[in-house]
Amino acid sequence: MKSTLALLLFSCLLCFSCQKEEVKEPIQKPNIVLIFADDLGYGDLGSYGASEWQTPHLDQLAEDGSKFTQFYVPHAVCSASRAALLTGTYANRLEIFGALDHTASHGLNPDETTIAELLKEQGYTTGMVGKWHLGHLAPFLPGKQGFDSYFGLPYSNDMWPHHPEAKDYYPPLPLIQGDSTLEVLDDQSLLTTRYTDKALEFIEKNQDQPFFLYLAHSMPHVPLFVSEKFKGKSSQGMYGDVIMEIDWSVGEIRKKLKELDLEENTLIIFTSDNGPWLSYGAHAGLTGGLREGKGTSWEGGIRVPAIFTWPGKIKPGTVQSQAAMTVDILPTIAAITGTELPELPIDGRNIWSMIQGEQQEDKPYFAYYNRNELQAVIYGKWKLVFPHRYRTLPEGTVLRNDGIPVQYTHVNLEKAELYNLQIDPSESKDVSEANPEILAKLQGYAEEARKDMGDALTGFEGSGMRKHGKYESPD
(Lines give C-alpha, C1' and ligand atoms only; values in the text may rest on other atoms or scores of the structure.)
Protein backbone atom coordinates (compact mmCIF):
# COMPACT_ATOMS: atom_id res chain seq x y z
CA MET A 1 0.00 0.00 0.00
CA LYS A 2 2.77 2.41 0.93
CA SER A 3 4.70 1.72 -2.31
CA THR A 4 1.54 2.25 -4.34
CA LEU A 5 0.91 5.56 -2.60
CA ALA A 6 4.52 6.64 -3.14
CA LEU A 7 4.29 5.84 -6.84
CA LEU A 8 1.05 7.80 -7.14
CA LEU A 9 2.58 10.80 -5.44
CA PHE A 10 5.69 10.64 -7.64
CA SER A 11 3.58 10.35 -10.80
CA CYS A 12 1.69 13.45 -9.74
CA LEU A 13 5.01 15.24 -9.19
CA LEU A 14 6.22 14.23 -12.66
CA CYS A 15 3.03 14.99 -14.51
CA PHE A 16 1.54 17.98 -12.75
CA SER A 17 4.42 19.93 -11.21
CA CYS A 18 3.80 22.57 -13.86
CA GLN A 19 0.58 23.54 -12.13
CA LYS A 20 2.44 24.75 -9.03
CA GLU A 21 4.20 27.59 -10.82
CA GLU A 22 2.11 30.73 -11.08
CA VAL A 23 2.48 33.31 -13.82
CA LYS A 24 3.34 36.72 -12.39
CA GLU A 25 2.20 38.59 -15.49
CA PRO A 26 -1.46 39.16 -16.42
CA ILE A 27 -2.88 36.44 -18.67
CA GLN A 28 -2.62 37.55 -22.29
CA LYS A 29 -2.92 36.19 -25.78
CA PRO A 30 0.53 36.77 -27.23
CA ASN A 31 1.40 35.49 -30.66
CA ILE A 32 3.76 32.53 -30.34
CA VAL A 33 6.45 31.56 -32.85
CA LEU A 34 8.18 28.27 -32.07
CA ILE A 35 11.23 27.59 -34.26
CA PHE A 36 12.70 24.09 -34.12
CA ALA A 37 15.98 23.35 -35.89
CA ASP A 38 16.99 19.80 -36.84
CA ASP A 39 20.34 18.37 -35.63
CA LEU A 40 21.62 21.81 -34.58
CA GLY A 41 24.51 21.40 -32.16
CA TYR A 42 24.83 23.13 -28.79
CA GLY A 43 27.84 25.05 -30.11
CA ASP A 44 26.36 26.07 -33.47
CA LEU A 45 25.32 29.64 -32.64
CA GLY A 46 27.63 32.58 -32.08
CA SER A 47 26.01 33.15 -28.69
CA TYR A 48 26.94 29.58 -27.79
CA GLY A 49 30.51 29.72 -29.07
CA ALA A 50 30.47 29.25 -32.85
CA SER A 51 33.15 31.20 -34.71
CA GLU A 52 33.46 29.71 -38.22
CA TRP A 53 30.12 31.15 -39.33
CA GLN A 54 28.00 34.07 -38.23
CA THR A 55 24.52 33.98 -36.65
CA PRO A 56 23.80 37.67 -36.01
CA HIS A 57 20.01 37.37 -35.91
CA LEU A 58 20.00 34.48 -33.46
CA ASP A 59 22.67 36.16 -31.37
CA GLN A 60 20.50 39.27 -31.25
CA LEU A 61 17.53 37.11 -30.30
CA ALA A 62 19.55 35.87 -27.32
CA GLU A 63 20.64 39.39 -26.37
CA ASP A 64 17.03 40.57 -26.49
CA GLY A 65 15.72 37.75 -24.32
CA SER A 66 16.62 34.72 -22.24
CA LYS A 67 19.29 32.17 -23.18
CA PHE A 68 19.38 28.78 -21.46
CA THR A 69 22.72 27.04 -21.04
CA GLN A 70 21.41 23.72 -19.70
CA PHE A 71 18.36 23.01 -21.82
CA TYR A 72 17.51 19.48 -22.91
CA VAL A 73 15.51 17.27 -25.20
CA PRO A 74 14.42 13.98 -23.62
CA HIS A 75 15.17 11.93 -26.73
CA ALA A 76 18.10 12.52 -29.10
CA VAL A 77 16.21 11.48 -32.21
CA CYS A 78 13.71 13.09 -34.58
CA SER A 79 10.18 11.73 -34.04
CA ALA A 80 10.46 11.14 -30.32
CA SER A 81 11.88 14.62 -29.74
CA ARG A 82 9.03 16.24 -31.67
CA ALA A 83 6.35 14.27 -29.85
CA ALA A 84 7.78 15.43 -26.52
CA LEU A 85 7.95 19.07 -27.65
CA LEU A 86 4.39 19.28 -28.92
CA THR A 87 2.69 17.32 -26.11
CA GLY A 88 4.77 18.21 -23.05
CA THR A 89 5.09 14.47 -22.47
CA TYR A 90 7.95 11.98 -22.73
CA ALA A 91 7.56 10.31 -26.11
CA ASN A 92 8.25 6.85 -24.71
CA ARG A 93 5.11 7.27 -22.58
CA LEU A 94 3.24 7.79 -25.88
CA GLU A 95 4.87 4.83 -27.70
CA ILE A 96 6.70 7.11 -30.12
CA PHE A 97 10.27 5.87 -30.54
CA GLY A 98 13.07 6.69 -32.95
CA ALA A 99 12.46 8.23 -36.37
CA LEU A 100 9.33 7.18 -38.25
CA ASP A 101 9.80 6.63 -41.99
CA HIS A 102 7.54 5.99 -44.99
CA THR A 103 6.79 2.43 -43.84
CA ALA A 104 5.36 3.45 -40.45
CA SER A 105 1.68 2.62 -40.06
CA HIS A 106 1.40 4.59 -36.81
CA GLY A 107 1.92 8.10 -35.51
CA LEU A 108 1.14 10.42 -32.63
CA ASN A 109 -2.20 9.38 -31.19
CA PRO A 110 -4.91 11.93 -32.07
CA ASP A 111 -6.12 11.57 -28.48
CA GLU A 112 -2.97 13.38 -27.33
CA THR A 113 -3.21 17.15 -27.03
CA THR A 114 -0.65 19.32 -28.83
CA ILE A 115 0.28 22.95 -28.24
CA ALA A 116 -1.74 23.81 -31.33
CA GLU A 117 -4.88 22.15 -29.98
CA LEU A 118 -4.52 23.91 -26.62
CA LEU A 119 -4.21 27.29 -28.27
CA LYS A 120 -7.11 26.76 -30.65
CA GLU A 121 -9.30 26.58 -27.55
CA GLN A 122 -8.17 30.16 -26.84
CA GLY A 123 -9.10 31.38 -30.31
CA TYR A 124 -5.64 31.10 -31.87
CA THR A 125 -5.04 30.46 -35.54
CA THR A 126 -2.42 27.75 -35.83
CA GLY A 127 0.03 27.05 -38.62
CA MET A 128 2.86 24.62 -39.16
CA VAL A 129 5.69 24.95 -41.65
CA GLY A 130 8.47 22.40 -42.05
CA LYS A 131 9.29 18.89 -40.89
CA TRP A 132 6.45 17.03 -39.15
CA HIS A 133 7.75 13.48 -38.53
CA LEU A 134 4.92 12.26 -36.30
CA GLY A 135 3.22 10.04 -38.86
CA HIS A 136 3.00 10.52 -42.62
CA LEU A 137 -0.41 8.92 -43.12
CA ALA A 138 -3.54 11.08 -43.30
CA PRO A 139 -4.84 10.44 -39.73
CA PHE A 140 -1.57 11.70 -38.24
CA LEU A 141 -0.76 14.80 -40.29
CA PRO A 142 -0.71 18.27 -38.65
CA GLY A 143 -4.29 19.02 -39.67
CA LYS A 144 -5.42 16.22 -37.37
CA GLN A 145 -3.34 17.60 -34.48
CA GLY A 146 -4.69 21.12 -34.23
CA PHE A 147 -3.00 22.96 -37.09
CA ASP A 148 -5.14 25.04 -39.43
CA SER A 149 -2.52 24.99 -42.16
CA TYR A 150 0.55 22.93 -43.05
CA PHE A 151 3.37 23.18 -45.57
CA GLY A 152 6.39 20.89 -45.33
CA LEU A 153 7.91 17.43 -45.32
CA PRO A 154 6.26 14.47 -43.55
CA TYR A 155 9.61 13.16 -42.28
CA SER A 156 13.37 13.77 -42.49
CA ASN A 157 14.84 15.23 -45.66
CA ASP A 158 17.26 12.28 -46.04
CA MET A 159 14.35 9.86 -46.42
CA TRP A 160 14.47 10.04 -50.21
CA PRO A 161 15.99 8.06 -53.10
CA HIS A 162 19.32 9.91 -52.86
CA HIS A 163 20.16 8.64 -49.37
CA PRO A 164 23.91 7.78 -49.41
CA GLU A 165 23.43 4.47 -47.58
CA ALA A 166 19.96 3.35 -48.66
CA LYS A 167 19.42 4.40 -52.26
CA ASP A 168 16.76 1.79 -53.06
CA TYR A 169 14.81 2.02 -49.81
CA TYR A 170 13.07 5.38 -49.77
CA PRO A 171 10.41 6.64 -52.21
CA PRO A 172 10.38 10.14 -53.73
CA LEU A 173 10.22 12.89 -51.10
CA PRO A 174 6.79 14.55 -50.94
CA LEU A 175 6.32 18.23 -50.14
CA ILE A 176 2.88 18.44 -48.54
CA GLN A 177 0.45 21.31 -48.41
CA GLY A 178 -2.57 20.75 -46.20
CA ASP A 179 -3.07 17.01 -46.38
CA SER A 180 -1.99 16.30 -49.95
CA THR A 181 1.27 16.20 -51.90
CA LEU A 182 2.00 19.50 -53.62
CA GLU A 183 5.08 18.22 -55.43
CA VAL A 184 7.95 15.76 -55.22
CA LEU A 185 11.34 17.21 -54.29
CA ASP A 186 14.48 16.25 -56.16
CA ASP A 187 16.40 19.36 -55.12
CA GLN A 188 16.22 20.98 -51.68
CA SER A 189 18.23 24.12 -52.37
CA LEU A 190 15.24 26.42 -51.85
CA LEU A 191 13.68 24.51 -48.95
CA THR A 192 14.72 26.91 -46.17
CA THR A 193 13.70 29.87 -48.32
CA ARG A 194 10.32 28.34 -49.12
CA TYR A 195 9.70 27.53 -45.46
CA THR A 196 10.53 31.12 -44.58
CA ASP A 197 8.23 32.53 -47.26
CA LYS A 198 5.35 30.37 -46.01
CA ALA A 199 6.00 31.44 -42.42
CA LEU A 200 5.96 35.12 -43.42
CA GLU A 201 2.78 34.57 -45.42
CA PHE A 202 1.12 32.99 -42.37
CA ILE A 203 2.11 35.91 -40.12
CA GLU A 204 0.90 38.47 -42.65
CA LYS A 205 -2.41 36.69 -43.11
CA ASN A 206 -3.12 36.35 -39.40
CA GLN A 207 -1.76 39.64 -38.08
CA ASP A 208 -5.16 40.75 -36.74
CA GLN A 209 -5.71 37.75 -34.46
CA PRO A 210 -3.59 35.72 -32.04
CA PHE A 211 -1.60 33.07 -33.86
CA PHE A 212 0.71 30.14 -33.17
CA LEU A 213 3.37 29.41 -35.77
CA TYR A 214 5.43 26.22 -35.50
CA LEU A 215 8.38 26.46 -37.91
CA ALA A 216 10.35 23.21 -37.91
CA HIS A 217 13.34 23.55 -40.23
CA SER A 218 14.47 20.40 -42.05
CA MET A 219 18.12 21.42 -41.69
CA PRO A 220 20.92 21.30 -40.70
CA HIS A 221 19.91 17.62 -40.85
CA VAL A 222 21.68 16.02 -43.81
CA PRO A 223 21.54 16.20 -46.77
CA LEU A 224 22.60 19.83 -46.68
CA PHE A 225 21.25 22.28 -49.23
CA VAL A 226 21.46 26.03 -49.38
CA SER A 227 20.14 28.71 -51.71
CA GLU A 228 22.42 30.73 -53.97
CA LYS A 229 22.18 33.73 -51.66
CA PHE A 230 24.13 31.85 -48.97
CA LYS A 231 26.26 29.44 -50.96
CA GLY A 232 29.93 29.99 -50.09
CA LYS A 233 29.19 32.61 -47.43
CA SER A 234 30.78 30.65 -44.58
CA SER A 235 34.50 30.04 -44.14
CA GLN A 236 33.63 26.56 -42.85
CA GLY A 237 31.78 25.33 -45.94
CA MET A 238 28.33 23.98 -46.67
CA TYR A 239 27.31 23.42 -43.05
CA GLY A 240 28.13 26.99 -42.11
CA ASP A 241 26.23 28.25 -45.14
CA VAL A 242 23.15 26.31 -44.02
CA ILE A 243 23.32 27.72 -40.48
CA MET A 244 23.66 31.23 -41.85
CA GLU A 245 20.54 30.73 -43.97
CA ILE A 246 18.55 29.50 -40.96
CA ASP A 247 19.81 32.57 -39.09
CA TRP A 248 18.61 34.73 -42.00
CA SER A 249 15.21 33.04 -41.76
CA VAL A 250 14.93 34.02 -38.09
CA GLY A 251 15.87 37.58 -39.04
CA GLU A 252 13.17 37.70 -41.70
CA ILE A 253 10.53 36.59 -39.20
CA ARG A 254 11.59 39.21 -36.67
CA LYS A 255 11.60 41.86 -39.40
CA LYS A 256 8.08 40.92 -40.47
CA LEU A 257 6.82 41.04 -36.87
CA LYS A 258 8.32 44.51 -36.48
CA GLU A 259 6.87 45.73 -39.77
CA LEU A 260 3.40 44.63 -38.68
CA ASP A 261 3.81 46.11 -35.19
CA LEU A 262 3.52 42.62 -33.66
CA GLU A 263 6.93 42.34 -32.03
CA GLU A 264 5.83 43.60 -28.60
CA ASN A 265 3.13 40.96 -28.37
CA THR A 266 5.01 37.95 -29.71
CA LEU A 267 6.90 35.27 -27.82
CA ILE A 268 9.63 33.68 -29.95
CA ILE A 269 11.12 30.34 -28.91
CA PHE A 270 14.13 28.88 -30.70
CA THR A 271 15.66 25.47 -29.98
CA SER A 272 16.71 22.18 -31.63
CA ASP A 273 15.49 18.58 -31.67
CA ASN A 274 18.86 17.09 -30.66
CA GLY A 275 22.60 17.49 -31.11
CA PRO A 276 24.72 17.08 -34.25
CA TRP A 277 25.05 13.93 -36.37
CA LEU A 278 28.78 13.58 -35.85
CA SER A 279 29.45 10.77 -38.34
CA TYR A 280 28.82 13.25 -41.16
CA GLY A 281 32.01 15.13 -40.41
CA ALA A 282 32.08 18.62 -41.92
CA HIS A 283 28.37 18.26 -42.71
CA ALA A 284 27.62 18.04 -38.98
CA GLY A 285 27.53 20.69 -36.30
CA LEU A 286 29.38 21.45 -33.10
CA THR A 287 28.79 20.08 -29.61
CA GLY A 288 30.56 22.98 -27.92
CA GLY A 289 32.84 20.54 -26.13
CA LEU A 290 30.06 18.26 -24.93
CA ARG A 291 30.39 14.48 -25.11
CA GLU A 292 29.10 12.57 -28.18
CA GLY A 293 26.17 13.78 -30.31
CA LYS A 294 22.82 12.87 -31.84
CA GLY A 295 21.62 9.37 -31.11
CA THR A 296 23.09 9.30 -27.61
CA SER A 297 22.00 10.44 -24.16
CA TRP A 298 25.36 12.08 -23.45
CA GLU A 299 25.28 15.87 -23.24
CA GLY A 300 26.21 16.35 -26.90
CA GLY A 301 23.09 14.45 -27.89
CA ILE A 302 20.48 15.98 -25.61
CA ARG A 303 21.71 19.46 -24.57
CA VAL A 304 20.60 22.07 -27.11
CA PRO A 305 20.50 25.86 -27.53
CA ALA A 306 17.28 27.46 -26.27
CA ILE A 307 16.29 31.11 -26.58
CA PHE A 308 13.08 32.82 -25.44
CA THR A 309 12.34 36.40 -26.46
CA TRP A 310 9.32 38.59 -25.72
CA PRO A 311 9.94 42.36 -25.58
CA GLY A 312 8.72 43.92 -22.37
CA LYS A 313 8.06 40.58 -20.72
CA ILE A 314 11.49 38.92 -20.77
CA LYS A 315 14.47 40.96 -19.60
CA PRO A 316 17.14 41.36 -22.32
CA GLY A 317 20.42 39.57 -21.72
CA THR A 318 19.00 37.02 -19.31
CA VAL A 319 21.10 33.86 -18.98
CA GLN A 320 19.53 30.87 -17.24
CA SER A 321 21.85 28.05 -16.15
CA GLN A 322 19.19 25.95 -14.43
CA ALA A 323 18.15 22.72 -16.14
CA ALA A 324 14.93 22.65 -18.17
CA MET A 325 13.58 20.59 -21.07
CA THR A 326 11.37 20.84 -24.15
CA VAL A 327 8.54 19.07 -22.29
CA ASP A 328 8.25 22.31 -20.28
CA ILE A 329 7.28 24.42 -23.29
CA LEU A 330 3.64 23.31 -23.55
CA PRO A 331 2.75 23.94 -19.88
CA THR A 332 4.58 27.27 -19.99
CA ILE A 333 2.59 28.39 -23.03
CA ALA A 334 -0.59 27.17 -21.36
CA ALA A 335 0.19 29.22 -18.26
CA ILE A 336 0.93 32.51 -19.99
CA THR A 337 -2.18 32.23 -22.17
CA GLY A 338 -4.53 31.07 -19.41
CA THR A 339 -5.16 27.74 -21.12
CA GLU A 340 -6.18 24.59 -19.28
CA LEU A 341 -3.66 21.75 -19.39
CA PRO A 342 -4.52 18.58 -21.35
CA GLU A 343 -6.84 16.05 -19.74
CA LEU A 344 -4.23 13.31 -20.09
CA PRO A 345 -1.24 13.68 -17.72
CA ILE A 346 1.84 15.46 -19.05
CA ASP A 347 5.42 15.51 -17.77
CA GLY A 348 6.56 19.10 -18.22
CA ARG A 349 6.12 22.08 -15.91
CA ASN A 350 5.65 25.81 -16.27
CA ILE A 351 9.12 27.44 -16.40
CA TRP A 352 7.97 31.02 -17.01
CA SER A 353 9.79 32.34 -13.95
CA MET A 354 12.98 30.55 -15.08
CA ILE A 355 12.67 32.20 -18.49
CA GLN A 356 12.57 35.51 -16.63
CA GLY A 357 15.84 34.64 -14.91
CA GLU A 358 14.56 33.36 -11.57
CA GLN A 359 15.28 30.01 -9.93
CA GLN A 360 12.74 27.26 -9.49
CA GLU A 361 13.02 24.10 -7.48
CA ASP A 362 15.06 21.49 -9.35
CA LYS A 363 13.15 18.51 -10.70
CA PRO A 364 14.37 15.27 -12.27
CA TYR A 365 14.48 15.04 -16.05
CA PHE A 366 14.93 11.75 -17.88
CA ALA A 367 16.72 10.83 -21.10
CA TYR A 368 15.32 7.87 -23.02
CA TYR A 369 16.60 6.31 -26.21
CA ASN A 370 16.10 3.25 -28.42
CA ARG A 371 12.91 1.43 -27.51
CA ASN A 372 12.20 2.81 -24.05
CA GLU A 373 15.66 2.63 -22.52
CA LEU A 374 16.08 4.93 -19.52
CA GLN A 375 19.69 5.94 -20.10
CA ALA A 376 20.12 8.95 -17.81
CA VAL A 377 18.51 11.15 -15.18
CA ILE A 378 19.38 14.84 -14.74
CA TYR A 379 18.71 16.73 -11.53
CA GLY A 380 20.07 20.26 -11.43
CA LYS A 381 23.83 20.11 -11.92
CA TRP A 382 23.90 16.32 -11.46
CA LYS A 383 23.55 13.64 -14.10
CA LEU A 384 23.46 9.89 -13.57
CA VAL A 385 24.09 7.76 -16.65
CA PHE A 386 23.04 4.12 -16.49
CA PRO A 387 24.78 1.11 -18.06
CA HIS A 388 23.79 0.91 -21.72
CA ARG A 389 25.17 0.42 -25.22
CA TYR A 390 25.82 3.58 -27.21
CA ARG A 391 27.39 4.61 -30.48
CA THR A 392 30.62 6.56 -30.83
CA LEU A 393 33.26 7.39 -33.40
CA PRO A 394 36.45 5.37 -32.84
CA GLU A 395 39.47 7.39 -31.78
CA GLY A 396 41.43 8.52 -34.81
CA THR A 397 38.46 8.34 -37.18
CA VAL A 398 39.02 10.37 -40.34
CA LEU A 399 35.82 12.27 -41.08
CA ARG A 400 34.61 13.24 -44.53
CA ASN A 401 33.61 16.55 -46.11
CA ASP A 402 31.23 15.33 -48.82
CA GLY A 403 28.00 14.37 -47.06
CA ILE A 404 28.94 10.70 -46.79
CA PRO A 405 28.99 9.36 -43.22
CA VAL A 406 31.66 7.22 -41.62
CA GLN A 407 30.73 4.23 -39.51
CA TYR A 408 30.08 4.38 -35.78
CA THR A 409 31.23 1.70 -33.42
CA HIS A 410 29.20 0.64 -30.39
CA VAL A 411 30.52 0.35 -26.86
CA ASN A 412 29.02 -0.62 -23.53
CA LEU A 413 28.94 1.56 -20.45
CA GLU A 414 29.46 -1.13 -17.84
CA LYS A 415 28.36 0.68 -14.67
CA ALA A 416 26.36 3.72 -13.66
CA GLU A 417 28.36 6.95 -13.64
CA LEU A 418 27.57 10.24 -11.89
CA TYR A 419 28.71 13.60 -13.26
CA ASN A 420 28.73 17.12 -11.87
CA LEU A 421 27.77 19.03 -15.00
CA GLN A 422 28.49 22.40 -13.43
CA ILE A 423 32.23 21.71 -13.39
CA ASP A 424 32.36 18.82 -15.88
CA PRO A 425 29.89 19.38 -18.76
CA SER A 426 32.00 17.09 -20.97
CA GLU A 427 31.20 14.15 -18.66
CA SER A 428 34.81 13.09 -18.22
CA LYS A 429 34.94 12.21 -14.51
CA ASP A 430 32.68 9.83 -12.63
CA VAL A 431 32.13 11.25 -9.12
CA SER A 432 29.70 8.65 -7.79
CA GLU A 433 32.03 7.37 -5.05
CA ALA A 434 32.46 10.86 -3.63
CA ASN A 435 28.72 11.63 -3.68
CA PRO A 436 26.82 8.58 -2.36
CA GLU A 437 23.81 10.62 -1.19
CA ILE A 438 23.36 12.29 -4.57
CA LEU A 439 23.82 8.93 -6.28
CA ALA A 440 21.11 7.36 -4.13
CA LYS A 441 18.76 10.29 -4.72
CA LEU A 442 19.03 10.09 -8.51
CA GLN A 443 18.73 6.32 -8.44
CA GLY A 444 15.53 6.76 -6.45
CA TYR A 445 14.12 9.15 -9.07
CA ALA A 446 15.01 6.62 -11.76
CA GLU A 447 13.33 3.75 -9.93
CA GLU A 448 10.06 5.64 -9.68
CA ALA A 449 10.30 6.71 -13.35
CA ARG A 450 10.77 3.06 -14.34
CA LYS A 451 7.61 2.08 -12.50
CA ASP A 452 5.75 4.88 -14.24
CA MET A 453 7.15 4.85 -17.80
CA GLY A 454 9.01 1.55 -17.98
CA ASP A 455 12.61 0.82 -18.87
CA ALA A 456 13.78 -1.78 -21.39
CA LEU A 457 17.25 -1.84 -19.82
CA THR A 458 15.96 -3.15 -16.49
CA GLY A 459 12.79 -4.92 -17.62
CA PHE A 460 10.18 -2.54 -16.17
CA GLU A 461 6.86 -2.33 -18.02
CA GLY A 462 5.55 0.96 -16.62
CA SER A 463 2.03 1.61 -15.39
CA GLY A 464 1.65 5.06 -16.98
CA MET A 465 2.16 4.15 -20.64
CA ARG A 466 -0.26 5.15 -23.39
CA LYS A 467 -0.71 3.92 -26.98
CA HIS A 468 0.41 5.51 -30.22
CA GLY A 469 -2.10 6.07 -32.98
CA LYS A 470 -2.49 3.07 -35.27
CA TYR A 471 -3.60 3.44 -38.87
CA GLU A 472 -6.56 1.32 -39.83
CA SER A 473 -7.14 0.99 -43.56
CA PRO A 474 -10.70 1.73 -44.69
CA ASP A 475 -10.47 -1.22 -47.12
Side-chain angles (χ1 to χ4, degrees), residues 4 6-19 72-100 104 106-118 133-135 140 144-146 273-274 297 301-302 323-334 341-351 363-379 386 388 442 444-470:
T4 302
L7 175 57
L8 177 61
L9 290 172
F10 184 80
S11 296
C12 290
L13 173 65
L14 283 180
C15 298
F16 299 113
S17 60
C18 51
Q19 297 181 13
Y72 293 100
V73 295
H75 321 280
V77 63
C78 299
S79 295
S81 185
R82 283 164 170 72
L85 171 76
L86 289 178
T87 66
T89 308
Y90 289 105
N92 49 299
R93 186 190 293 282
L94 311 180
E95 279 195 335
I96 299 293
F97 308 109
L100 307 182
H106 67 283
L108 181 65
N109 196 319
D111 290 341
E112 300 297 336
T113 302
T114 66
I115 297 172
E117 289 170 306
L118 279 184
H133 218 168
L134 291 173
F140 311 120
K144 298 297 193 297
Q145 294 287 2
D273 69 337
N274 49 246
S297 295
I302 59 174
M325 186 175 270
T326 50
V327 293
D328 298 327
I329 289 177
L330 179 147
T332 301
I333 289 174
L341 291 173
E343 292 184 9
L344 293 172
I346 65 171
D347 297 299
R349 65 168 172 171
N350 171 19
I351 59 167
K363 68 162 284 184
Y365 291 103
F366 304 99
Y368 280 84
Y369 195 66
N370 292 326
R371 190 168 184 84
N372 210 31
E373 293 182 5
L374 175 57
Q375 296 186 350
V377 56
I378 299 156
Y379 182 73
F386 300 105
H388 68 280
L442 270 62
Y445 286 137
E447 284 300 306
E448 297 301 333
R450 291 179 180 118
K451 295 172 187 176
D452 181 25
M453 292 184 286
D455 176 21
L457 290 173
T458 53
F460 278 86
E461 292 293 331
S463 61
M465 303 294 281
R466 306 203 285 264
K467 295 293 184 182
H468 61 226
K470 186 71 175 177

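Pairing each heavy atom of G88 with each of I346, the nearest pair is O-CB, 3.5 Å. Taking every heavy atom of both residues into account, Y379 and L442 meet most closely at CB-CD1, 3.9 Å. Of all heavy-atom pairs spanning L118 and L341, the tightest one is CD2-C, 4.3 Å. A pairwise comparison of heavy atoms in L330 and P342 identifies CD2-CD, 4.0 Å as the closest pair. Minimum interatomic distance between S297 and I302 (heavy atoms only, all atoms of both residues): O-CD1, 3.5 Å. Heavy atoms only, all atoms of each residue included: S79 and L100 are closest at OG-N, 2.9 Å.
Classified by interplanar angle (parallel below 30°, tilted 30° to 60°, perpendicular above 60°), the ring pair H75/Y90 is perpendicular.
Residues Q375 and L457 form a side-chain contact, since some pair of their non-hydrogen atoms from C-beta on lies under 4.5 Å apart.
No side-chain N or O of N274 forms a donor-acceptor pair with one of Y72 less than 3.5 Å apart.
A salt bridge links E112 with R466; the closest basic N to acidic carboxylate O contact falls under 4.0 Å.
A cation-pi arrangement, defined by a distance under 6.0 Å to the six-membered ring centre and an angle within 45 degrees of its axis, is absent between K144 and F140. Taking the ring axis of F386 as reference, the NZ or CZ atom of R450 stays within 45° of it and closer than 6.0 Å to the ring centre.
The backbone N or O of I351 lies less than 3.5 Å from a partner atom in the side chain of T332, making a donor-acceptor pair. A distance-only check finds a donor-acceptor pair linking the side chain of H468 to the backbone of E95 [under 3.5 Å]. A donor-acceptor contact shorter than 3.5 Å is absent between the side chain of D111 and the backbone of L344. Remark: side-chain polar atoms of N109 are paired, donor with acceptor, to backbone N or O of K467 under 3.5 angstrom.
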